[in-house]
Each structure stands twice: as structure tokens, then as C-alpha cells.
Amino acid sequence: KSDKSEAVEFLKEVLKADVRRTAWALEQIRLLELAGLLGFVATLVGIFLAWGPWQEHRRNRRSRDDSTVLKELAQKIIKNYKELTVDRYPFPEVKDAIPLSCVVNREVRERELLAELANLPRPSQNPKPVLVIGEYGQGKTIACGALAYELATSFLRDATTGRLPILVPLREHPDLRSVDQVALLSVRLLHNFDLNPEIYSRARSSGRLVFILDGLDELLSRVGLLL
């Protein structure tokens, strides 16, 4: 009987110890769960507090990246104009070219064509195209290259107010159903430069691009229309 009583007491002590250990383990689990919840909440708060500055940093970085890429293209345009010959680049510098004059909207007074085009104000909305009409061989293609050079130079000086030229020789790109694709392809072929379509799209939407289309008369003659 004494042995049975001792065994019972021993079992009771063992069970009490198991209960205490189980309670302690459950308490530790609850503390861990609470700590995990607090950590999760702290993470959410940190993300919330950092979201605004991160977005601002991302916008600034994207703006800097866009300007850097566009300036690299401007440098390519300037280099090609100054260094390449007509067999490698359709719009090279012609040192002995006679500056062209123009008449705007049938005015009597003549103006210098290049200065007139390079100094056109940037429209705030609904930009209108400018059409330059001249006889064959008068130097319209030369003027396109010189205009692109002037605009690229101004863009390098101040990318916030300048506009980057996109030269498109229409004789090589007769299908204009997708102007954006033609523009990107022309940049690649003329300047050996792959312009990121997203950067191009943002630049176009913000009015930072000027499209210079050369050879409209040739394009119209191809499709059987009259100029």
C-alpha cells in the first residue's frame, strides 16, 4: 500500500510538471505570436512612412535617367552632323551651304529659315505642324540636318526648356501608320542608338521632342498624291 501511494504521488508530481511545462510553452508561443504581430505592424508603419519619400526619389531618379538618355541621343545627333559624311548619314554638315531664307504665311519680308524654325516657341497644348515648301535641290534636307543640330545643342544646354529633334527621312519610312515605331526605328538607323520606348513616350507626352520629317514630296509621289 505504501508503494502504491508513493507511485500515485510521483505520478501527480510528473503531471503537475508536464502541465507547468505545457503552460510555459503556450505562453512562449503567445509571446512569439505577439512579437511577430508587433513586428508586422512596425513593418507596415515603416513602409507607410517611407512610401512618399521613396516615390519622390523614384520620380526624381526616373527624371534624371530620362534626361541622361535624351542628352546622350543629343550628343549622337551633334556628333553625326559634325563628323559623318553623306554616304553614312543623310543629314551631315555642309560647310559651304548658302543659308536659306523663307517667307512665312505669304509675308513680304523674308526671314532666315533656320533661325525661324529653331526659335519656334514650345506649344503648351495642341502643337501644330510647320510645313517648309521649296523646289527640289534648294537645300531642305541640309536645313533639316542643321535644324536638328541647333535643337540638339540647345537641348544639351538646358534640357528643361530645349527640345530634342527626331529626324525621320520619309523616303526610307514610307509607312507612317505608326509614327512612334517609325521614330524609334529612325533613331536606331540614323544614330545607332536604341531609345527606350518608355523614355520616348514620356518625352513625347511632355513636349520635349520635335519631329523633323524630310522628303514629304517624295512620300506623296510614292502613294500617287499631289503635293
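FYI, the numbering just counts along the sequence from 1. Values reported hereafter were calculated over all heavy atoms of this structure, with side chains retained and with hydrogens, waters and symmetry mates removed.
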Can you list the residues that meet the side-chain contact (heavy atoms from CB on, under 4.5 Å) rule with Leu185, with sequence neighbours excluded?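 Checked Leu185 against side-chain contact (heavy atoms from CB on, under 4.5 Å); matches are His173, Arg188, Leu189.
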With sequence neighbours excluded, tell me which residues meet ring pair (Phe, Tyr, Trp, His ring centres under 6.0 Å) with Tyr200.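 Tyr200: no ring pair (Phe, Tyr, Trp, His ring centres under 6.0 Å) contacts found.
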Can you measure from [atom1] ([X]) to [atom2] ([Y]) and round to the nearest 0.5 angstrom?
| X | Y | atom1 | atom2 | value |
| --- | --- | --- | --- | --- |
| Ser101 | Gln138 | OG | CD | 11.0 Å |
| Cys102 | Arg109 | SG | CZ | 9.5 Å |
| Leu184 | Ile166 | CG | CD1 | 8.0 Å |
| Leu151 | Leu156 | CG | CG | 11.5 Å |
| Ile212 | Leu117 | CD1 | CG | 8.5 Å |
| His191 | Ile78 | NE2 | CD1 | 11.0 Å |

Side chain to side chain contact (heavy atoms under 4.5 Å, CB included) between Glu83 and Tyr89, worked out: CA-CA 9 Å; Glu83 298 181 4; Tyr89 181 64; over 6 Å; no
Members other than Val94 in its cluster, when Ile, Leu, Val, Met, Phe, Trp, Tyr link by side-chain heavy atoms under 4.5 Å? Ile142
So, the side chain of Ser201 versus the backbone of Pro197: is there a donor-acceptor pair under 3.5 Å, distance only? no
Pairwise side-chain contact, [X] with [Y], heavy-atom cut-off 4.5 Å (strictly under):
| X | Y | result |
| --- | --- | --- |
| Leu195 | Leu73 | yes |
| Leu209 | Phe155 | no |
| Val86 | Pro92 | yes |
| Ile77 | Tyr149 | no |
| Leu147 | Pro165 | no |

Shared hydrophobic cluster for [X] and [Y] (ILVMFWY, side-chain gaps under 4.5 Å):
| X | Y | value |
| --- | --- | --- |
| Val103 | Ile98 | no |
| Tyr136 | Leu100 | no |
| Val130 | Val210 | yes |

Decide side chain to side chain contact (heavy atoms under 4.5 Å, CB included) for Leu170 and Leu216; before the verdict, give the C-alpha distance in whole Å, the side-chain angles of both, and the deciding distance to 0.1 Å. CA-CA 6 Å; Leu170 294 177; Leu216 180 61; 4.1 Å; yes
With sequence neighbours excluded, tell me which residues meet salt bridge (Lys or Arg N to Asp or Glu O under 4.0 Å) with Glu150.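 Glu150: no salt bridge (Lys or Arg N to Asp or Glu O under 4.0 Å) contacts found.
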Test side chain to side chain contact (heavy atoms under 4.5 Å, CB included) on Asn196 and Val69; report intermediate values, then the result. CA-CA 9 Å; Asn196 184 291; Val69 171; 5.7 Å; no
Test side chain to side chain donor-acceptor pair (under 3.5 Å) on Asp158 and Thr160 and set out the steps. CA-CA 5 Å; Asp158 188 353; Thr160 58; 2.4 Å; yes
Which heavy atom of [X] sits nearest a heavy atom of [Y], and at what distance?
| X | Y | result |
| --- | --- | --- |
| Lys71 | Ala159 | CE-CB, 3.7 Å |
| Lys76 | Asn192 | NZ-O, 4.1 Å |
| Phe91 | Gly145 | CB-CA, 3.6 Å |
| Pro90 | Leu190 | CD-CD2, 3.5 Å |

What residue pairs, at least two apart or across chains, pass salt bridge (charged side-chain N to carboxylate O under 4.0 Å, His left out) with a residue in residues 134-149? none
Mind checking what makes side-chain hydrogen bond (donor to acceptor under 3.5 Å, both in side chains) contact with Ser186, not counting sequence neighbours? none
Are Arg157 and Ser154 close enough, and set up right, to give a side chain to side chain donor-acceptor pair (under 3.5 Å), and what steps lead you there? CA-CA 5 Å; Arg157 283 197 299 264; Ser154 298; 3.2 Å; yes
Using a strict 4.0 Å threshold on nitrogen-to-oxygen distance, state whether Arg208 and Asp66 make a salt bridge.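 Answer for the salt bridge query: no.
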